There are 2 protein chains.
Amino acid sequence: MTRAQRAVLGALEGATGFLSAQDVHARLRDGARPTGLTSVYRALALLAESGAVDTLRTTTGESTYRLCRSAGHHHHLTCQRCGATVELEARSVERWIDQVASAHGYRVEGHTVELTGHCPRCQRRRTATAAR
Amino acid sequence: MTRAQRAVLGALEGATGFLSAQDVHARLRDGARPTGLTSVYRALALLAESGAVDTLRTTTGESTYRLCRSAGHHHHLTCQRCGATVELEARSVERWIDQVASAHGYRVEGHTVELTGHCPRCQRRRTATAAR
DNA sequence: TTAGTTGCAAAAAGTTTGCAGCACG
DNA sequence: CGTGCTGCAAACTTTTTGCAACTAA
C-alpha cells in the first residue's frame with residue numbers, strides 16, 4: 001500500500017459521510033505531507049476497486065467515496081444536512097427485487113438503492129439549508 | 001414548447017432505453033434540421049424539470065434521459081444488453097423505505113432505486129457482452 | 001418591433017494522462 | 001541502479017454560459 005493510499009484512508013476514516021476526491025484532497029492539504037490531487041484520484045480508484053471504499057455519484061456529477069464499515073453488499077441512508085450515513089443490510093429489498101424481476105422475466109445482475117433524508121439530530125435542530 | 005424540445009422528445013421517443021445528451025444530439029444531427037448541442041442540453045434540462053423525462057447518471061458521469069411513460073414517481077429495471085426498460089411502481093419498496101428510515105429515526109426525503117439485469121429476450125439469445 | 005430561441009465559441013468543473021523527478025529497496 | 005510512486009501541467013470529457021444572430025408573433 002502506497003503513502004497516498006494510507007493518507008486517503010486516513011482522511012476517509014475521519015469523515016462522517018461521503019467525501020469527494022476534492023474533499024479528500026482538501027483535508028490532506030494541511031497535513032504534514034500534503035498529497036497531490038492526482039495521487040488522491042489514483043488511490044481512490046484503487047481502493048474502490050479493491051472494495052475497501054464505496055463509490056457514489058452525486059447528482060452534480062462528482063464521484064464520492066466512503067470507507068466501507070460493513071463488508072459485503074449494502075445500501076446507504078444518508079443525511080442531506082450533516083452527511084451522517086447508516087449502512088443498511090437490505091435483505092428485504094433484495095427479496096423484493098427478485099420478486100419484481102421474475103415477474104417481468106428479468107434476471108437481475110445489479111441494483112442501486114440509496115436513501116437520503118434527515119437524521120434525528122438534524123430534524124431537531126432544523127434551521128435552514130435543507131435541500132429539495 | 002420550442003423546436004429544440006420537440007426535436008429532443010422525438011429522439012427520445014425513438015429510443016428503447018436511456019440516451020445521453022450526446023446520443024440525442026447525434027440522432028438529431030442527421031435530420032432535416034439539426035439541433036445544436038447547447039439546445040439539446042437546454043431542452044433536456046427543461047423536460048426533466050417538467051417531469052416529462054427521467055434522468056439517470058451513469059457510473060461514467062454522463063447524465064442520461066428517457067421519456068417517462070408512466071406519470072408520477074417510479075423506478076427502472078433496465079436490460080444491460082439491449083437497453084429495454086420496465087418502469088416499476090414501487091409501492092412495496094417505498095413501504096420498506098419508510099420502515100427502515102423510522103427504525104433509524106430518519107425522515108426520508110428522496111430515494112434512488114435502479115435495477116439492471118437481462119431481459120427475457122436477451123437471456124435466451126445470450127451470446128457475449130454480459131457485464132460485471 | 002420585440003421577446004424568446006438558437007448555436008458557436010469559450011469557460012467551467014471534474015477527472016485522467018504524460019512525463020520528469022524522487023524515493024526506496 | 002532500477003522499479004515504482006509522486007505530482008505538476010496539460011489533455012480530455014461533459015456540461016454550462018456569454019453573446020450575437022435569428023425567428024416568429
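Throughout, a chain's letter reflects where its sequence line sits, starting with A, and its residues are numbered from 1. Being a predicted model, the structure only gives us computed values, none of them experimental.
Here B:T60 pairs with B:T58, B:E62 under the side chain to side chain contact (heavy atoms under 4.5 Å, CB included) rule; sequence neighbours left out. Residues satisfying the side chain to side chain donor-acceptor pair (under 3.5 Å) criterion with B:E94, sequence neighbours excluded, are B:H75, B:H111. Residues meeting the side chain to side chain contact (heavy atoms under 4.5 Å, CB included) test with B:S102, sequence neighbours left out: none. B:S39 is linked by a side chain to side chain donor-acceptor pair (under 3.5 Å) to nothing, counting only residues two or more places apart in sequence or in another chain. In this view, A:Q5 and A:M1, A:T2, A:A43, A:L46, A:L47 satisfy the side chain to side chain contact (heavy atoms under 4.5 Å, CB included) rule, not counting sequence neighbours. Residues meeting the ring pair (Phe, Tyr, Trp, His ring centres under 6.0 Å) test with A:H25, sequence neighbours left out: none. Evaluation of the side chain to side chain contact (heavy atoms under 4.5 Å, CB included) rule for A:R3 yields A:R6, A:R33 as partners, not counting sequence neighbours. Applying the side chain to side chain donor-acceptor pair (under 3.5 Å) test to A:T64 and every residue at least two apart in sequence or in another chain returns nothing.
Contact annotation for A:A45: no contact, since no heavy-atom pair falls under 4.0 Å across all strands.
Here the range on DNA chain D touched by chain A, meaning any atom under 4.0 Å from one of its heavy atoms, is D:dC5 to D:dA9.
For DNA chain C, the residues of residues 29-42 of chain B within the heavy-atom distance limit of 4.0 Å (strictly under) are B:P34, B:T35, B:G36, B:T38, B:S39, B:R42, sorted by number. Of the residues in residues 55-63 of chain A, not one places a heavy atom less than 4.0 Å from an atom of DNA chain D.
Five base pairs at each end of the helix from C:dT1-D:dA25 to C:dG25-D:dC1 define two local axes, and these are offset by 10° (rounded to 10°).
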